[in-house]
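Quick note: numbers below take in every heavy atom, side chains included, and nothing from hydrogens, waters or symmetry partners. Here the structure is a predicted model, which means the values were calculated and not measured.
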Amino acid sequence: MSADPTQTLAFDTSCHLFDGCGFPAPGLHSFMFEPLWGDADGNGLYFNKPMLLALLGSVIIVGFFWAAFARPKVVPGKLQMIAEAGYDFVRRGVVYETIGKKEGEKYVPLAVSLFFFIWMLNLWSIIPVASFPVTSIIAYPAVLAAIVYITWVSLTFKRHGFVGAFKNFTGYDKTLGPVLPLSMTIELASNLLVRPFTHAVRLFANMFAGHTLLLLFTIASWYMLNGIGIAYSGVSFVMVIVMTAFELFIQAVQAYVFVLLTCTYIQGALAEHH
């Protein structure tokens with residue numbers, strides 16, 4: 001069933017303190033959008049705002065790197081310098097530090113793509129008009145985590161074979177003695193079930209919570225903009241600014257953490273089991 005059209009905005013703009021209406025708190029309706037086209041009732045395909053932002057984010061990232069490296073120069077211009085700095089940060093600061101230069105070089109494109117794509121989807125939260133982090137919808141982090149999961153598992157089997165991969169996933173260590181079966185069961189569940197779940201939820205939960213807090217203070221600022229409540233509205237607006245700055249930091253951190261964990265998983269797949 002499609003969302004109620006009256007709930008597609010974050011809040012009712014006609015509602016203020018002392019007007020006799022309750023505080024229009026943000027909720028799940030703040031993360032639901034009517035289709036821009038198509039039918040959300042399940043009858044055919046549809047396209048909504050988060051999908052549009054994800055598509056635009058992809059175009060922006062590809063366009064940025066295309067413009068920066070289409071005609072690379074020995075003495076880089078500003079755009080090329082920024083692109084090289086970002087690329088080098090992920091390559092040296094994440095991939096090389098986690099996997100190593102020799103083994104990690106082939107995974108740099110994956111890591112760079114994930115980092116900037118996730119960062120862009122997060123940044124939509126503080127960009128006017130868009131004002132929504134795409135990764136606060138679980139489907140997007142889940143798909144990205146699934147890509148990493150498939151890459152990690154297939155790489156583990158390719159590098160170690162079936163028996164070696166089984167030992168890798170279960171943390172097989174014969175020196176554990178009687179507790180080995182229990183340890184292997186826990187490690188297997190942790191690696192193959194819990195790991196991809198937490199990989200996706202960590203990104204989703206942080207973006208969901210951050211957007212909810214921004215909405216909360218933004219709505220409160222507008223809601224209290226009436227009578228004596230104007231003083232409280234000013235305090236709430238200051239919190240909007242503070243939370244926006246904090247969210248800007250968290251957006252980059254979450255992209256970094258997602259890619260760092262990705263490289264850690266790949267490094268574990270490549271490591272020799274003893």
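- Residue Gln267 holds its CD atom at 11.0 Å from CG of Leu155, rounded to the nearest 0.5 Å.
- Looking at residues two or more places apart in sequence or on another chain, you find no side-chain hydrogen bond (donor to acceptor under 3.5 Å, both in side chains) involving Glu97.
- When ring centroids are compared, Phe237 and Phe217 stay outside the 6.0 Å threshold.
- Linking Ile, Leu, Val, Met, Phe, Trp and Tyr whenever their side-chain heavy atoms come within less than 4.5 Å puts Val253 and Leu123 in one cluster.
- In this structure, Tyr223 and Pro24 approach most closely via the heavy-atom pair CD1-CD, 3.8 Å.
- Residue pairs meeting the side chain to side chain donor-acceptor pair (under 3.5 Å) criterion with at least one member in residues 135-154, sequence neighbours excluded, are Asn122-Thr135.
- Legend: side chain to side chain donor-acceptor pair (under 3.5 Å) pairs involving residues 239-252, not counting sequence neighbours: none detected.
- Residues passing the side chain to side chain contact (heavy atoms under 4.5 Å, CB included) test with Leu55, sequence neighbours excluded: Phe47.
- Atom OH of Tyr87 and atom CZ of Arg92 lie 10.5 Å apart (nearest 0.5 Å).
- Within 6.0 Å of the CZ atom in Phe64, the count of heavy atoms belonging to other residues, nucleotides or ligands exceeds 12.
- Ring planes of Phe69 and Phe65: parallel class, angle under 30° (limits at 30 and 60°).
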Could you check Phe169 against Glu187 for side chain to side chain contact (heavy atoms under 4.5 Å, CB included), going step by step and ending with a plain yes or no?
CA-CA 7 Å; Phe169 294 139; Glu187 282 292 320; over 6 Å; no
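- The shortest heavy-atom contact between Pro26 and Thr212 is CG-O, 4.1 Å.
- Looking at heavy atoms from C-beta onward, Val153 lies out of side-chain contact with Lys158 at the 4.5 angstrom threshold.
- Placement of Phe162 and Leu188 within a single hydrophobic cluster is found when ILVMFWY residues are connected by side-chain heavy-atom separations under 4.5 Å, directly or transitively.
- In this structure the side chain of Asn48 never reaches within 4.5 angstrom of the side chain of Trp37, judged on heavy atoms.
- Annotation: side chain of Tyr172 is in contact with side chain of Met184 (closest heavy-atom distance under 4.5 Å).
- For Leu121 against Leu53, the heavy-atom pair with the smallest separation is CD2-O, 4.3 Å.
- A side chain to side chain donor-acceptor pair (under 3.5 Å) check over residues 189-200, counting only residues at least two apart or in different chains, returns the pairs Asn191-Arg195.
- The shortest heavy-atom contact between Val94 and Val259 is CG1-CG1, 3.9 Å.
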Evaluate the ring-ring contact (aromatic ring centres under 6.0 Å, His included) criterion for residues Phe33 and Phe132: first the C-alpha distance (whole Å), next the side-chain angles of each, then the deciding distance (0.1 Å), finally the verdict.
CA-CA 11 Å; Phe33 297 88; Phe132 186 79; 4.8 Å; yes
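- Rounding to the nearest 0.5 Å gives a distance of 6.0 Å between NZ of Lys49 and OG of Ser131.
- In this structure, Leu110 and Ile266 have side chains that are in contact, with non-hydrogen atoms separated by less than 4.5 Å.
- Hydrophobic clustering (side-chain heavy atoms under 4.5 Å, transitive across Ile, Leu, Val, Met, Phe, Trp, Tyr) keeps Val59 apart from Val112.
- Remark: Phe89 pairs with Phe115, Tyr256 by the side chain to side chain contact (heavy atoms under 4.5 Å, CB included) rule, at least two apart or across chains.
- Residues forming a side-chain hydrogen bond (donor to acceptor under 3.5 Å, both in side chains) with Arg202 (at least two apart in sequence, or on another chain): none.
- By the side-chain hydrogen bond (donor to acceptor under 3.5 Å, both in side chains) test, Ser236 pairs with Ser221, sequence neighbours left out.
- Residues Val90 and Val108 have side chains not in contact (no heavy-atom distance under 4.5 Å, counting atoms from C-beta outward).
- Taking Ile, Leu, Val, Met, Phe, Trp and Tyr as hydrophobic and joining them when side-chain heavy atoms fall under 4.5 Å apart, one finds Val242 in a cluster with Val238.
- The 12-atom threshold is exceeded at CD1 of Ile241, counting heavy atoms of other residues, nucleotides or ligands nearer than 6.0 Å.
- Using a 4.5 Å cut-off on side-chain heavy atoms (C-beta onward), Trp119 and Phe116 make contact.
- Residue pairs meeting the side chain to side chain donor-acceptor pair (under 3.5 Å) criterion with at least one partner in residues 63-73, sequence neighbours excluded, are absent.
- Residues satisfying the side chain to side chain contact (heavy atoms under 4.5 Å, CB included) criterion with Leu144, sequence neighbours excluded, are Leu114, Phe117, Ile118, Phe258.
- Taking hydrophobic clusters as Ile, Leu, Val, Met, Phe, Trp and Tyr residues chained together by side-chain heavy-atom distances below 4.5 Å, Tyr265 does not share a cluster with Ile147.
- Scanning all heavy atoms of the two residues, the minimum distance from Pro50 to Ile137 falls at CG-CD1, 3.5 Å.
- Between Ile61 atom CD1 and Met120 atom CE the span is 6.0 Å, to the nearest 0.5 Å.
- Annotation: the span from Ile126 atom CD1 to Leu248 atom CG amounts to 4.0 Å, rounded to 0.5 Å.
- Residues Ile219 and Phe23 are in side-chain contact: their nearest non-hydrogen atoms beyond the backbone lie under 4.5 Å apart.
- Inter-residue side-chain proximity for Ile230 and Met224 is flagged as unmet; no heavy-atom pair is nearer than 4.5 Å.
- Both Val257 and Phe246 sit in one connected hydrophobic cluster of ILVMFWY residues. Membership requires side-chain heavy atoms under 4.5 Å apart, directly or through other members.
- For the pair Lys167 (side chain) and Asp173 (backbone), a donor-acceptor distance under 3.5 Å is absent.
- To the nearest 0.5 angstrom, Asn168 atom CG is 9.5 Å from Leu270 atom CG.
- Looking at His160, its side chain does come within 3.5 Å of a backbone N or O of Ala271 through a donor-acceptor pair.
- Of all heavy-atom pairs between Ser125 and Leu214, the closest is OG-CD1, 3.7 Å.
- Shown here are the side-chain hydrogen bond (donor to acceptor under 3.5 Å, both in side chains) partners of Gln80, two or more places apart in sequence or in another chain: Glu84.
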